[in-house]
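Notes follow the structure.
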Amino acid sequence: MLWTRWLVLLLCWGATGSEEQADERGAVPAEVRSDSRRERSPPPVEPLDFGFVPAAVYDTHAYYEPGSMGILFHMVHAFLYIIQPNPFPKDLIVKVIQQNMGGIKIEEWRKPENVVLLLQWIQYESGFLICATFGVVFVVLIPVIAMCFCMCRCCDNCGGEMHQRQRKNADCHRGFYTASLVATTIFIIVGVLIALAANHNISSQVKSTRRLINTNMRDLKTFANNTPAQVDYLTAQYTTAKNKVLSDLDNIGPLLGGRIHIQLEKSVIPSLDTALRMAGAMRETKEALENVSSSLEVLQDGVGKLQASLSGERASLSNTLSDPACTNGAVSHTCNTIRSTLSQLGINADFSKIPDVNHALANVNTVLKTDLSNIVQKGYASFNDTPRLVKEQTKNIVAALPRVKGMLDKIGAEIIGFSKMFPVEASLANFTIFLNERHKAIESYYPQIDQMDFYRWIACVAVLCMVVLVMAFNILGLLCGNCGYDKQASPTTRGCLSNTGGNLLMAGVGFSFIFAWVLMVIVTTLFVVGGNVEKLICEPLANRQLFKIIDTPFLVHPEKRNFLPGMLFQNPNIDLTLGGMYRECYDNNGLYHALQLETMFNINSFLNRTVYNRDLAKVFDSVQVDLQGITLLEQAGRDNLINFANSGIGQIDFQVYLTEVNKGVTLIDLLSFCSDLEGQADQLPRGALENALRGHASSIRFIHREQVVPLEQAMKYVRARSTLHQSVKQLQKTSNDLPVKVTNVLSAIDAAEYLIAHNASHVVKQETKAYVQGLVGYFKQYTEWVKNSLTTEVAQCKPISNIVDSMEIVGCSFIIDSLNTFWFGLGSCCILLIPSIIFSVKLAKYYRRMDTEDVFEDGQENWN
């Protein structure tokens, strides 16, 4: 059995470690580990593709569909359930086994506990005992009854007297006995057919057993042939993890530098973005100042011309009102009224009083001579150059790649060497040879099995022929009796054919007495054996209750907890059960997981010595990165921001601008003023004064049309006012707390540079650790993949569960179900032979020729 041990050992190398990778790591205080996890969880490791383990395809389909025979099987199962409705006595069987480990002794059964077990067993078997008792009584009484019946008939009793008494309902009796015998014969024939079908089913299924044996043997060979290739595939996939580690080490600059860049950009990029936005604000401020200056010039020019026109018209109107005609008492009031409104004839928005922004514009132009955007872009470039900086500072890692590759190759060689420690191929080759030899040995028994099955078939047919012989006499007797019966013939004058029918029926009765007890012996024996096998083995095996008995702790020995690991590994304390192994194999999981070999072969320490070796860890720990060479904002950029804050934008009185922009062009509506002036002129007497006032009204209308309306509607002036308003609003927004904003930008830059210069070492260490964990994570992925593959894909033990299922199919479905169906049909025939005897004896009286008959003195004859 050496090959079985090697078969168990061949898979032990691939278990993965759930232990700590190193003892010193396990010594870190739990508080520190929990704090580090709380600060930042490790980044996800890039998943590796190890491909698919070469799968084994098994041919056995351990499933049986009985077809039409299933109806008969269900009938037998229902009958057995009626006979034995009690649940499977698992606890009772366990107690019996445990209390009789040393062997069954007669004196032991006198103990009270054994007497209790015996009574419980009798209670469980009560249905079978009652039926078996009935069978024994039947076997004993039938010969006795037959002997008494013969002696009774010899004494002309029990229907032996060849005399038939006259009865008016003789035809009715004869018809009843005929129908009853026909029905009984039909039911007996059905029972014979059931038994014959079961007999034939056994022979046909015995031939199907060869197919199950062949496929199971072929599956075991497939299992033995595929397992070495699967193991080799597992060891070969270590190269995938190794190549990924070497690739990441070769690209340590982009990978590690990228990690560091991502962590630092959370603080660095926002500060540079703020400085870049400030550079944009400088350009926008210059444009706003230029817009304010140009718009102010346009508006000042237009308003100046309007003011000159209105001043001249006001002076001319004042001279007109100085005319002597205005001194007339009736006219003077009107003139005074007009004179009082002359002050309203002026401009409202006076842009000439607004101070210019030339000084601030000059300062901003001076600031913009320094390109702050370019300086900030240099800061971006310097920070984005982190991967190159990391690559330059980790040249020692890249230079150590050949040495690292040698270490990894050594690890791979150790893994392969560990897998080769066990003679897997030789063991499996011996296992294959063993299978071939067993297969040939089994095939050598096929002729003997066929011969034995043929003898069995002949014996069953011979037994059924006993019943068929009785049925032949019954059928022939019924045919001859009914065909030869003549109502007009008297009992003493009945024909030969009718008499022959009666004799055949009595011959059937005689053979029934001869064969019935023999048949019942066979039925009772098969019933007790087949019924108990079905209830105590087949049903528990189908619902896996039988495994629970075998897996009961301390069943075999009071010091051995589990039976299966004690037999396989000489270690009964392993939590391995037959039922658990069957379930794992039924799910087509790996043999390594099904046998729980991880409890026997701990590969964690091996992996810790190989994949997680200290030399490789030293190479990873030598990663050192210094980022102090990164400059985010040059001094020129800082000075530029400070000069912009001191450019004088905040000293501009923006409210003055907004106040003048929001005012109307003139103090009063000139058209209303002209209408009022003409109304006043209408109150004056006709003359030169009236005409002069009307002329002034016409002149003011001309000024409104030619100067005021353009100022209000012409695109040039409208755009200038709008631009002036928007620019002033923008400048007001920009200048609001400008020194504070610049100070905040510089503070953010200083904080980011301080982080890079002083605190980046923590980020570097953190990301370096995460980078190294990613490299180690590739090996963890490999070991985890090996574990999962060993659990579900390598050495899938479906053939083992198929063997158990095939044994259940052959033993229970093929043989026991057919055997139980056979005695079920044969037993029904035996029971029905009793009414057949009664009806045959009764009916033969109406067919046989009598020696004497009843004679009536009046000469009337009635033999109906």
Side-chain angles (χ1 to χ4, degrees), residues 64-80 131 135 138-139 142 181-210 449-479 504 507-508 511-531 533-534 538 809-837 840:
Y64 172 62
E65 180 59 46
S68 58
M69 289 295 296
I71 300 175
L72 300 179
F73 293 164
H74 288 306
M75 290 174 56
V76 176
H77 292 164
F79 176 76
L80 288 175
C131 292
F138 186 95
V139 170
I142 287 297
L181 184 58
V182 169
T184 304
T185 303
I186 291 175
F187 283 118
I188 293 176
I189 292 174
V190 171
V192 171
L193 293 177
I194 291 174
L196 186 63
N199 184 39
H200 176 72
N201 187 66
I202 294 178
S203 298
S204 61
Q205 296 304 336
V206 165
K207 296 180 176 60
S208 300
T209 304
R210 300 180 183 181
I449 294 174
D450 292 339
Q451 187 177 14
M452 292 174 62
D453 180 66
F454 175 74
Y455 292 151
R456 180 205 57 78
W457 186 85
I458 291 295
C460 292
V461 170
V463 170
L464 294 176
C465 285
M466 298 179 187
V467 183
V468 172
L469 180 62
V470 175
M471 292 303 100
F473 283 123
N474 285 354
I475 295 172
L476 292 175
L478 287 169
L479 291 175
L504 288 174
F511 281 110
S512 297
F513 279 120
I514 295 173
F515 297 144
W517 70 275
V518 178
L519 296 177
M520 184 54 73
V521 170
I522 297 173
V523 169
T524 303
T525 304
L526 295 180
F527 165 75
V528 173
V529 175
V533 170
E534 171 67 25
C538 291
I809 291 173
V810 173
C812 295
S813 300
F814 289 178
I815 299 177
I816 296 300
D817 283 346
S818 299
L819 179 65
N820 289 335
T821 305
F822 180 80
W823 63 251
F824 181 77
L826 186 60
S828 63
C829 295
C830 291
I831 300 300
L832 291 173
L833 284 177
I834 296 176
S836 174
I837 292 173
S840 295

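Every value quoted in this text rests on a predicted model; they were computed, and no experiment measured them.
- Rounded to the nearest 0.5 angstrom, Leu826 CG and Ile194 CD1 are separated by 11.0 Å.
- Among residues at least two apart or in separate chains, side chain to side chain donor-acceptor pair (under 3.5 Å) pairs with a member in residues 821-832 are Asn820-Trp823.
- For the pair Leu519/Cys829, no side-chain contact is recorded, criterion being any heavy-atom separation below 4.5 Å from C-beta on.
- Thr209 OG1 to Asp453 CG: the interatomic distance, rounded to the nearest 0.5 Å, is 9.5 Å.
- Looking only at side-chain heavy atoms (C-beta outward), Phe824 and Met75 come within less than 4.5 Å of each other.
- The minimum heavy-atom distance between Val470 and Gly508, with the atom names listed, is CG1-O, 3.8 Å.
- Nearest heavy atoms, Gly530 versus Ile816: O-CG2, 3.9 Å.
- Checked against side chain to side chain donor-acceptor pair (under 3.5 Å), Ser818 has the following partners two or more places apart in sequence or in another chain: Asn201.
- Of the candidates Ile186, Leu833, Thr184, Leu476, Met471 forms a side-chain contact (heavy atoms from CB on, under 4.5 Å) with just one, namely Leu833.
- Nearest heavy atom pair, residue Arg456 against residue Ser203, reads NH2-OG, 2.8 Å.
- At a threshold of 4.5 Å between non-hydrogen side-chain atoms, the residues Ile202 and Phe814 do not count as touching.
- Between Leu819 atom CG and Cys812 atom SG the span is 11.5 Å, to the nearest 0.5 Å.
- Residue Ser840 holds its OG atom at 7.5 Å from CG of Leu478, rounded to the nearest 0.5 Å.
- Val467 has its side chain out of reach of Phe515: every pair of non-hydrogen atoms, C-beta onward, lies at least 4.5 Å apart.
- Classification of the His77-His74 ring pair by plane angle, with boundaries at 30° and 60°, yields perpendicular.
- Residue Asp817 holds its CG atom at 10.5 Å from CD of Gln205, rounded to the nearest 0.5 Å.
- To the nearest 0.5 Å, the span separating CZ on Phe138 from SG on Cys131 amounts to 14.0 Å.
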